[in-house]
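Below is one structure, written out as structure tokens; comments come after it.
Source: prediction; values computed, not measured. Lettering of chains follows the sequences in order, A, B, ..., and the numbering in each one begins at 1.
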Amino acid sequence: MTVHVELRRGAYHDSVSLMQVSRSVAGAPGVQAAQVAMATELNVDVLGQMGFEVPADAGPNDLVVAVRADDEAGVESGLAAVEDALRALSATSSDTGAADEVPPATLGSAVRRSGAGLAVVSVPGAHAVTETYDAISAGASVMLFSDNVSVEDEIALKDAAAAADVLVMGPDCGTALVGGVALGFANVVRQGPVGIVAASGTGAQQAMCLLEAAGVGVSHCLGVGGRDLKAAVGGRSTRQALRALAEDASTEWVLVVSKPPDEAVLETVRAEVADLGLRVHWATLGAGRPDLTAAVEQALAAEGVTVPEWPATTAAPDDATLPVGPSLRGLFCGGTLAEESLLVATDALGPIASNLGHEPALGAGLTDAGHVVVDFGADELTRGRAHPMIDPTLRMERIAAEAADPTCGVLLLDLVLGHGAHPDPAGELADAIRSARETAHAAGRALPVVVSLTGTDADPQGRSRCAEALAAGGASVFLSNAAATRHAVTLLGGAR
Amino acid sequence: MTAPLRGLLAADPVVATSGVALFADALRDQAVPVTDAGWHPPMPGTEDALARVMADPRREEANATALARMTAAEATLVDVAPASEALGLERGTFLHAGPPIEWDRASGPLRGALIGAVLLEGLADTAEDAEQRLAAGEFELEPCHHRGAVGPMAGVVSPSMWTYVLRDEVHDNTSWCSLNEGLGKVLRYGAYGPEVVERLRWMGDVLGPILRQAVRSTGPIDIRAIVAQMLQMGDEGHNRNRAGSLMLLRELLPGMITADASPTEVAEAVRFSGANEHFFLNLGMPACKLATLAAEGIPGSTVVTTMARNGTDFGIRVSGTGERWFTGPANTPQGLFLGEYGPDDANPDIGDSAITETGGIGGFAMAAAPAIVRFVGGDVPFALAATRRMYEVTVGEHPIYQVPVLGFRGTPVGIDVTKVVRTGELPQINTGMAGRVAGTGQVGAGLVTPPEQCFTQAVEALAEAVPR
């Protein structure tokens, strides 16, 4: 066995591209394991866990190339694969025409050169504030996908944007739809009369997909960042977005989707909206308030639209003689979907440990013998690594771990389709589900699996096709996340 | 009333992206026009300071003001006079290029030039004597920039040397620069042999007075107009000054010919000036100094107002931080060498001539001077790309200095510290190369960039100056 670790200074690539590079290197002949990544703290940990020793002076701007191979020839084939993959990256990004043409070096330059009205910022969090100010100065609204931006910076950015009559969507804004164009993670839905303002990415996707299933289209979906309706931020972007939608000719009514907001902020925004002459419906999660599905149903009813039956397929029951473990394990990629499931399941099961900022909190390992909900898209799990909707590795590992855990009763998973998501997520997830169920069966347990599948048939991945694959893997599949959660609770209840 | 969010919801989206390529690709798949900024991390350790400076509400307007002042500054040659008279330069004080430096750290060419100047002033009888007195600290050393002056290469100015006097009436500023000595073994490149000192004496006794009479009789000469024209004639104003020198001579000739001097002296003065392709450099430099002087001291502005080197350190100054220098070790230029000289003979970067780049010409106007690329070892696309790259790190374009081959686009002007730090794209400077050893003279010419740390220090200082 031969191990090769090398540091390349100042060779920056984004985490998503490097994940693709790592994959193709790992597949090279003679290579046992490979990781090509920027030397962020998290990646250095990952490399350490993989058994690679990263030089102590490596910094987040250095590229680490780590290859473990059968022999020297294997290392060479791995390194050749690295070069090929990196060359392929630069070939797509630096196709600039004439020899003297110079691509824009700053976001402000890109905005000014193209006359862009909108900028998408997805640089690592520490640099996101600078990029966003640059875009605002150049006169563009910003979809700020980056996370790890402080509340103070968020407030200052939103104030600077309002002064410049542009909107900051974010930080940590995963989903937006502007003028029919999907930004970040978004589903393909028909154009229509509904404007969405979303302090929640996957919540917005869930709402859009439910509306699509009801035959109702969307005009724009403006993300505002998960903290916008918290006390500190005070709904700054929500207000701006609602005012803009009130004057938008294509928008007839609005749905506000949010993780649990601050009550006082919500009241202030509601009062302000009353003066806008805009019909606004609220899908704001929280104890005592309807779940997203119920909120969408209420809005549809109020607008005179028939509520359809939401797509769902229930898996055949497991062998009744096999015992089912005692606890719910909700493993989510979507933060709002995790939040909603936690709320819905807590009503039935009592306290659930999570990493969502509620009590009881999960410890560092994110495991507990009782009921658990984990959001794999949380800030601390995405620092220096791609979002789980793109890179599902961490959750896949966890699914395998749960299969071997006798305290795990029912697995509740989400799968979100659309632009920006993994191109073929259902096959991999179905395999993981199948093998998890087999592992449990081999240990003499049943392991029912429920999937909340957010998507439409127009999505690149095709919702029906994905639902069939997941069902074939042995899962029950629901469009409504709330319905999926209730079904998981029911399955668990049978075992209690 | 215009639509809210600048009409965002009413128009077909045009998008710019910074970061993960996946997002740009996803938009292209939807047939949306996308421009990717090609982001990479800023210079290490600067992210917090950058964010603070970018958040400074004064920044945009301050930079717009700096740009407006820089491009509005006039530059008129109004007189030629000895430094003692023009600058009030005291006997025993010597000006030099770049940020402040002491003899102990001075490079070969700066030492050589100081030795020559001490000899010229009659403050020592031999080079050894001059060197000992300089080393003993008997004389005052001061940057040209501290007196509003600029000096090419070593930039040494002593009281009896003659200087051009340029005025910017719009901002009421004056700048000065010594007379150009020609090429080869010259004081500014650190040579100080007898022929060098003799030439300087002649320049003080004959050339200076003739030029003074010419300027006084012809009247003020608009130097900025000549810069604008020379850019359209293939000069970039730093390493190439052919057209500028001829145009200046055309203005001065009638007054030189009718000056009160012997016909032989007039002929010598005209021949010397006409044979010197860099005759104009010493007027382009103070013209650019007047532009950058006008932009100094604007709170919140991130525009560079000085780039200068003393052969040891490279120093910059920034509008928003006033007269403070940010320095780092000067790089050694890359380029072509004269005769049998090679890279080992070259001294690190030296001179105030980077004021031309600071003012938006020189390396920044490389596209205007395709002929220069053979002199500095590049090709024509390189020259075009060099100017295009500088648009990415400047706040604007010069309305008067234009580049024909770029469709008469204005030259990039107003280096923005934040853009340099964010992109890692350093200002492109065209320069001459002085011999490392005192007394050698010029060994070549080429390209150089400032050290990164000048800019990282500046962005830290700008961040500290942001009101809380």
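- Considering only heavy-atom pairs separated by less than 4.5 Å from chain B, the leading option among A/G180, A/A182, A/A249, A/A163 is A/A182.
- Listed options A/V166, A/V129, A/T106 were ranked by heavy-atom pairs under 4.5 angstrom with chain B; first place goes to A/T106.
- Looking only at heavy-atom pairs under 4.5 Å with chain B, the residue among A/A246, A/A164, A/P460 that has the most is A/A164.
- With contacts defined as side-chain heavy-atom distances shorter than 4.5 Å, the pair A/L118/B/V14 does not qualify.
- With rounding to the nearest 0.5 angstrom, the CD atom of B/Q30 is 4.0 Å from the NE2 atom of A/H419.
- With a 4.5 Å cut-off on side-chain heavy atoms, B/W39 and A/P104 do not count as touching.
- Rounded to the nearest 0.5 angstrom, A/F145 CZ and B/L22 CG are separated by 8.5 Å.
- The main-chain N or O of B/V20 is found under 3.5 Å from a side-chain atom of A/S122 such that the two form a donor-acceptor pair.
- Between B/F23 and A/G184, the shortest heavy-atom distance links the atoms CE2-CA, 3.2 Å.
- Interface remark: B/V15 contributes backbone and side-chain atoms alike to the contact with chain A (heavy atom separation under 4.5 Å).
- Contacts with chain B were tallied for A/A162, A/G139, A/S146; A/G139 has the most, counting heavy-atom pairs under 4.5 Å.
- Between atom CG of residue B/L5 and atom CD of residue A/Q240 there is a gap of 6.0 Å, rounded to the nearest 0.5 Å.
- For B/Q428, the side-chain hydrogen bond (donor to acceptor under 3.5 Å, both in side chains) partners at least two apart in sequence or on another chain are B/R389.
- Heavy atoms closer than 4.5 Å to chain A are found in both the backbone and the side chain of B/L9.
- No part of A/L157 comes within reach of chain B, as not one of its non-hydrogen atoms sits under 4.5 angstrom from that chain.
- Note that the CZ atom of B/R422 and the CG atom of A/D134 stand 3.5 Å from one another [nearest 0.5 Å].
- Within the 4.5 angstrom heavy-atom criterion, no atom of A/A160 approaches chain B.
- Under a cut-off of 6.0 angstrom, the local environment of CG in B/D29 is crowded, with over 12 non-hydrogen atoms contributed by other residues, nucleotides or ligands.
- At least one donor-acceptor pair under 3.5 Å links the side chain of B/E392 to the backbone N or O of A/A105.
- Taking both residues in full, the closest heavy atoms of A/D165 and B/A3 are given as OD2-O, 4.2 Å, listed atom of the first, atom of the second, then distance.
- Counting all heavy atoms, side chain and backbone alike, A/E247 lies closest to B/P4 at OE1-CD, 3.6 Å.
- A/A126 and B/E47 make their closest contact through O-CB, 3.6 Å (heavy atoms, listed as atom of the first residue, atom of the second, distance).
- When only modelled atom types and interatomic distance are considered, A/S141 and B/R6 share no side-chain donor-acceptor pair under 3.5 Å.
- Only the side chain of B/P13 comes within contact range of chain A, with heavy atoms under 4.5 Å apart.
- Minimum heavy-atom separation, B/A16 to A/A116: N-CB, 3.6 Å.
- Of the two parts of B/L8, the backbone and the side chain both hold a non-hydrogen atom closer than 4.5 Å to a non-hydrogen atom of chain A.
- Within 6.0 Å of the CD atom in A/E41, the count of heavy atoms belonging to other residues, nucleotides or ligands does not exceed 12.
- With a threshold of 4.5 angstrom between heavy atoms, B/E425 does not approach chain A through any atom at all.
- Interface summary for chain A: among B/A11, B/A55, B/A51, B/A10, the most heavy-atom pairs under 4.5 angstrom belong to B/A55.
- Expressed to the nearest 0.5 Å, how far OH of B/Y391 lies from CZ of A/R113 amounts to 11.0 Å.
- One finds the CZ atom of B/R52 at 10.5 Å from the OG1 atom of A/T130 (value rounded to the nearest 0.5 Å).
- Scanning both residues, A/S114 and B/T35, for their nearest heavy atoms gives CB-OG1, 3.1 Å.
- The side-chain heavy atoms of A/M38 and B/P41, taken from C-beta on, include no pair separated by under 4.5 Å.
- Summarising the local packing, CD of B/E61 is surrounded by 12 or fewer heavy atoms from other residues, nucleotides or ligands at distances under 6.0 Å.
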